[in-house]
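Working notes for the structure below.
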Amino acid sequence: MASLIEVNDLTKEYKMGKITVPALNGVDIDINEGEFVAIMGPSGSGKSTLMHILGCLDTATQGEYILNREKVSHIKKKKLASIRNQRIGFVFQTFNLLPHLNVQKNVELPLMYAGYSKRKRTELAKKVIAEVGLTDRRKHKPSELSGGQRQRVAIARAIVNNPSIILADEPTGNLDTNSGSDILTIFSELNLKGHTVIIVTHDAAVAKRANRVIHIVDGLIENGDIS
Amino acid sequence: MAISLKESIVFGFSDFWSRKVRSLVTIIGIILGTMSIIVVLSLVNGINKQTLQWMMERGGLSKITVRRNWRYDNPNKVRSYFTWKEIKLIRSLIPEAKYMNPQKRYWLRHSYEDKEYNCSIYGVLPDFSKIEEWDTEDGRFISEFDINQSNDVIVIGTKVKEELFGNKNPIGQFITVHERRLHVIGIMKHRYMKSNNIGSDNALGYLNRRTFVPLSTMIHKGTGDDNISSLALKAQDAESAPELRKKLEAIILNLRHGEPVFMIESAQEEAEEMAQSQKTFQIIFFIISIISLLVGGIVIANIMLASIQERTREIGIRLTVGARRRDIFIQFLVQTVLITFIGGILGTLVGLSLLKMVSGYINIELIAELSMVLIALTVSVGIGLLAGIIPAILASKLNPVEALRYE
């Protein structure tokens, strides 16, 4: 299978006043298309930083990031917005839905920035909302939903633009065991449909669902083998 | 790939709507600023127009008046009136003057049958009617013949007619003034102009309370003296009036050995001075209005900055799902544009509707012109936009990762 994500010697440093704090110290990762990968590590290990860079939300201080044979590390910020919109779907621990928009509008958000017509947006969003089983909650605001339902809305939003990569940052962190399990099942199904799924977690139970676990400690990859 | 402008506007509008109170407060600020500019400009314009109208009613811009200079203490007791001889000399020195009317005035009791009325009586020449552009509505005015013969005739104002004769026709009747019976030969046209003063709705009402007799009759059959304290003249046109005034001033000063016991004024020059002072007023009021709008602008900027702070996380989420910096910028700018335009238009409407009310209250007609509305709108919308652009730029420059972490 072709290599979808290729990261070479990636370094990220944060400047805090006069001190430079290293978050990633030369990371190398290869992720193939269609993989289900878990990135595991304790808090402060740099796994969120890595996810932000993989998700084109942030740029590396040094090193190379090749996404789909394209060097992302040299791309302009404007183009990064387009990559986030077209190729990546994000799922966060805290859901990150817009509280004043209903389920339908939240899911339509990436389509709006992609420039779809209102009709097309409604149609595509309806379809993915049905896929995550929330058709009867389309007109509800996030505050009227349970944690599991909110996360399903977030997943619907992540996949509505049919991205090749789904990035999830502790997607079950705020959920009870049952809801968490449901969410992970959805990720497995999405992986089966061909999406490359990358989950960042510190929970071994979550990591078990993945085909491969990448351990990160102190900004370095410890073990890239299939577990 | 882009979010359309229409979408941005719908977006901005829903943002605007979800923060009703704040938007309302800001709109009120813009309304007040726009409104005050319109009201102030119209007020100054109204005063200007009204004063000019008054000048036109009182003989136009080519009129020149000579009166006793009350501001001069006259230490050498120089004569502060003209003799008939001097009047004739002056007239011969300024042949370019179209008309000239020397006049004397007394406050006397006028009686007809059992009715009495106290008012000003003027001794004038036929030129008076020409200078004031004021003719009789019935009968005739004083003629050269009346002057030469010192006829016992009188022309009365409409108020005098009303008081002494009621509905009766006064022409041909006799009024007794100062024990002399005067033949009524004419009634002056009624004068009216909307007034600024509370208590009187007619700015020209005093003219209707006057009577006129031949100057020669007043001199020879009345007081016996020929002391003439005021003169009115008319230049060929408004443009030549200031020059005529200067010449007249030089002649009169010369007659009085350089002592300024008379004031010589030209309506044209007064109008010019007035225009100049109106301009100063306009600028001062305009600056005040701009300051109030700047305050409105600062409020907008403040609200927008608070809004960005409040919505940092939202901006982070939008950037994550693919919003470009431009999309965020437009979203925030649309809100400002909405607020400033709604405020600007409402301010214009409120300002225009206030004109009548203010006008009724201060008795000055406020006259709005399209240019004033455009100035007010440009200034208020301009300031509003400037105040909104900087916060919108700041919002669009947020780092997505940091914005997402914001609580």
Side-chain angles (χ1 to χ4, degrees), chain A residues 12 14 23 48-59 76-102 105-118 121 141-142 153-154 156-161 163 167 169, chain B residues 1-23 306-335 338 392-407:
Chain A
K12 179 69 180 177
Y14 288 108
S48 284
T49 304
L50 179 60
M51 189 190 121
H52 291 145
I53 293 171
L54 292 182
C56 297
L57 283 172
D58 208 347
T59 47
K76 279 183 185 159
K77 284 190 174 165
K78 196 170 150 188
K79 185 86 187 292
L80 287 182
S82 150
I83 292 175
R84 287 198 294 270
N85 184 254
Q86 308 279 312
R87 299 197 211 156
I88 298 163
F90 289 93
V91 179
F92 297 94
Q93 179 175 0
T94 51
F95 323 126
N96 280 339
L97 301 172
L98 294 184
H100 55 281
L101 300 182
N102 65 25
K105 294 283 175 200
N106 261 293
V107 174
E108 283 183 19
L109 211 56
L111 298 174
M112 195 176 70
Y113 291 115
Y116 282 100
S117 72
K118 195 169 164 49
R121 288 204 309 257
K141 293 266 172 75
V153 176
R157 184 181 64 189
I159 61 173
V160 72
N161 215 1
L167 281 174
D169 189 359
Chain B
M1 183 190 100
I3 169 171
S4 74
L5 192 63
K6 194 184 139 205
E7 299 282 0
S8 301
I9 290 169
V10 171
F11 243 41
F13 197 80
S14 65
D15 282 345
F16 165 85
W17 193 244
S18 61
R19 287 159 183 82
K20 290 182 207 67
V21 176
R22 248 188 213 172
S23 304
S307 169
I308 288 162
Q309 193 91 5
E310 204 176 68
R311 300 163 68 191
T312 301
R313 205 182 166 83
E314 177 184 333
I315 294 167
I317 294 169
R318 289 184 186 278
L319 287 170
T320 304
V321 301
R324 290 164 308 165
R325 304 196 173 275
R326 205 189 78 179
D327 299 325
I328 303 290
F329 174 76
I330 289 175
Q331 187 192 339
F332 275 87
L333 195 64
V334 162
Q335 286 185 68
L338 267 173
I393 289 174
L394 289 178
S396 72
K397 289 246 164 96
L398 280 175
N399 176 316
V401 175
E402 279 165 28
L404 277 176
R405 280 205 198 107
Y406 192 86
E407 292 295 337

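Per chain, numbering begins at 1; letters A, B, ... match sequence-line order. These numbers come from a predicted model, not from an experiment.
- In plain terms, the two heavy atoms of B:Ala323 and A:Ala81 that are nearest each other are O-CB, 3.8 Å.
- Contact annotation: the side chain of B:Arg324 never approaches that of A:Asn85 to less than 4.5 Å [non-hydrogen atoms, C-beta and beyond].
- If you measure heavy-atom distances from B:Leu319 to chain A, the contacts under 4.5 Å come from both the backbone and the side chain.
- Between the NE2 atom of A:His52 and the CG atom of B:Asn399 there is a distance of 9.5 Å, given to the nearest 0.5 Å.
- Side-chain N/O atoms of B:Arg405 and A:Ser48 include no donor and acceptor closer than 3.5 Å.
- Contact annotation: the side chain of A:Leu98 approaches that of B:Arg318 to within less than 4.5 Å [non-hydrogen atoms, C-beta and beyond].
- Taking CG of B:Leu404 as the reference point, atom CZ of A:Phe92 lies at 5.0 Å (rounded to 0.5 Å).
- Taking CG from A:Leu101 and CD from B:Glu314, the interatomic distance works out to 7.0 Å, rounded to the nearest 0.5 Å.
- In this structure, chain B has a heavy atom under 4.5 Å from the backbone of A:Leu97, while its side chain stays farther away.
- Rounding to the nearest 0.5 Å gives a distance of 8.5 Å between CG of A:Leu109 and CD1 of B:Ile317.
- With sequence neighbours left out, the side-chain hydrogen bond (donor to acceptor under 3.5 Å, both in side chains) criterion links A:Asn102 to no other residue.
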